[in-house]
There are 2 protein chains.
Amino acid sequence: MTTVRGARARARVEITAAIKAEARTQLAAEGAAKLSLRAVARELGMVSSALYRYFPSRDDLLTALIVDAYDAVGAAAEGAATETAGRRPLDRWTAVCRAVRAWAVEHPHEYALIYGSPVPGYTAPQDTNAPAARVGLVLVGIAREAHEGEGIALPPLPDPLRPEAVRITADMAPDLPPALVVALVAAWSQLFGLVSFEVFGQFHRLVEDRDVFFTHAARRLGQDVGLLPRG
Amino acid sequence: MTTVRGARARARVEITAAIKAEARTQLAAEGAAKLSLRAVARELGMVSSALYRYFPSRDDLLTALIVDAYDAVGAAAEGAATETAGRRPLDRWTAVCRAVRAWAVEHPHEYALIYGSPVPGYTAPQDTNAPAARVGLVLVGIAREAHEGEGIALPPLPDPLRPEAVRITADMAPDLPPALVVALVAAWSQLFGLVSFEVFGQFHRLVEDRDVFFTHAARRLGQDVGLLPRG
DNA sequence: CTCATGCAAGAGCAGTGCTCTCGTTTCAGG
DNA sequence: CCTGAAACGAGAGCACTGCTCTTGCATGAG
């Protein structure tokens, strides 16, 4: 049963949540590298070994935070998409990009956890895959809507490399033309290039008005996948 | 004097180089987070405290590696630019992007060091600025050449956000039109979005032929800054 | 030749992730 | 209701980390 079976089970979920909350606080304050199991336990009034009853290792605690971060940025993107339902696809695209950026700027350490360097020997377990895909799926959804409504026009590609030659996993969006899927994957990664450079400080003393810059770049990204500027 | 003043000075530069070499080996093997001063010293047959004669702290050793990494990827980009001198700007652009990607794929941990999450409380000192700018300057140079030769055409921007409204530090490329500078900065960061997603594994089980995909995306990036497909 | 300086070694401090043991508390099956 | 298994918190301990300080030795400049 997944229902609460008693005081013990209730305490377990509460303590697990408290550990994650305190870990997230330390993460936001100092970054992932300085997240210390002992410090978390100390702050919670426990002893470090007691924490291993809830998370088998430090990496497992990090994994939980990673999943939460993916879910948070995914929820931000989905929220922006639903709030702009019915508007022009290019405006929706831009709104979603801006929501991702806003979340990243507000939670730089959590952003770094999921879109920065992978932690040392750590390989992401399978259960991070679904949360990690949420932002991408939102973008695909907007493009699909535009495509079905004929509100999309991929610019001609005078390119020796036909996009059909780029093999993308088919089950991602089998209903969309390959050229659009390729453009979407590229735009998706390029979006996080823009966000990462801002969050990681590469725009320091280079881009003054980062909000305006990002909005402009995100809009052009939407045009790159064929979203039309006028509905 | 910068010349060698004696056996002592010679030994100093040799040992400094040996430390950096061993540190780079460990960096490539395990990643930045697992780089241990004691392990480096152990491997070199010294005791850990002796290492502090050469690097005041672990972060200073990391800084040295960061500068080296920026220089390495910058040199790769510059090499690709000089090797393709005289060819069409769009081809040169693509070649430079491919050189950056190739270096990143070959040195993932060093790439993560400079384009991944910033390390914990660490703020990059001033002497990393110049090496960090090299790749961007190569891209600017190619765009400038195309612009001077009239081989550039920024597509019309039916965009409510005029690029002139995006303030970019003026002394970056004062001779180029603002719209081009904005497009260049965006393309620069988007290039590293493509590379980071590949190196950090976000394309896992998604993009099959990553070399073809990257070349295609890099070429479109070049077109985004106005480089013409036909010379 | 002398002596300040550069240097390696070692001990030591405070901190880390993690394991193991040892009493105690809780909860479920008989 | 009772009992035994499971879950739990506390503590000691291991091997490791970055870093500091002191001690003695070798180098090389004056």
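What's counted below: heavy atoms across the whole structure, side chains too, no hydrogens, waters or symmetry copies. Proteins get letters first, then strands, A, B, ... in listed order; numbering begins at 1 in each.
- Separating the CD atom of B:Glu14 from the C1' atom of C:dA8 is a distance of 17 Å, rounded to the nearest angstrom.
- Closest contact between the side chain of B:Arg12 and the listed nucleotides C:dC7, D:dC8, C:dG17 involves C:dC7.
- Under a 3.5 Å cut-off, the side chain of B:Thr169 and the backbone N or O of A:Leu206 do form a donor-acceptor pair.
- Here the shortest heavy-atom pairing between A:Thr84 and A:Ala95 reads CG2-CB, 3.8 Å.
- At whole-Å resolution of the value, CD in A:Glu30 and C1' in C:dT16 are 15 Å apart.
- Between A:Ser48 and B:Leu51, it is B:Leu51 whose nearest contact on DNA chain C lies nearer the 5' terminus.
- Taking side-chain N and O atoms only, B:Tyr52 has no distance below 4.0 Å to OP1 or OP2 of C:dC7.
- A straight line from CG of B:Leu35 to P of D:dG18 spans 8 Å, rounded to a whole angstrom.
- Counting non-hydrogen atoms under 4.0 angstrom, A:Tyr54 reaches the backbone sugars and phosphates but no base.
- Atom CE in A:Met46 sits roughly 16 Å away from atom C1' in D:dG11 (whole-Å rounding).
- Contacts of B:Leu61 with the nucleic acid, taken as non-hydrogen atoms under 4.0 Å apart, are absent.
- B:Ala104 approaches B:Val195 most closely through the heavy-atom pair CB-CG1, 3.4 Å.
- Between B:Phe197 and A:Tyr115, the ring-plane angle classifies as parallel under the 30° and 60° cut-offs.
- Here the nucleotide nearest the side chain of B:Arg38, chosen from D:dA10, C:dC18, C:dG12, is C:dG12.
- Remark: B:Ile114 CD1 to B:Asp68 CG distance equals 10.5 Å, nearest 0.5 Å.
- Atoms CG (B:Leu37) and P (C:dT16) sit 18 Å apart, rounded to a whole Å.
- Closest to the A:Arg53 side chain, of the nucleotides C:dT21, C:dC18, D:dG11, is C:dT21.
- Backbone-only engagement by A:Ile15 is indicated by non-hydrogen atom pairs under 4.0 Å involving sugar-phosphate atoms exclusively.
- Here the P atom of nucleotide C:dT19 and the CZ atom of A:Arg58 are 14 Å apart, to the nearest Å.
- The A:Ser49 side chain lies nearest to C:dC20 when the options are D:dG9, D:dT17, C:dC20.
- At whole-Å resolution of the value, CZ in A:Phe55 and C1' in C:dG17 are 16 Å apart.
- Taking only side-chain nitrogens and oxygens, A:Arg10 never comes nearer than 4.0 Å to OP1 or OP2 of C:dT26.
- The distance from atom CD of B:Gln26 to atom P of D:dC16 is 14 Å, rounded to the nearest whole Å.
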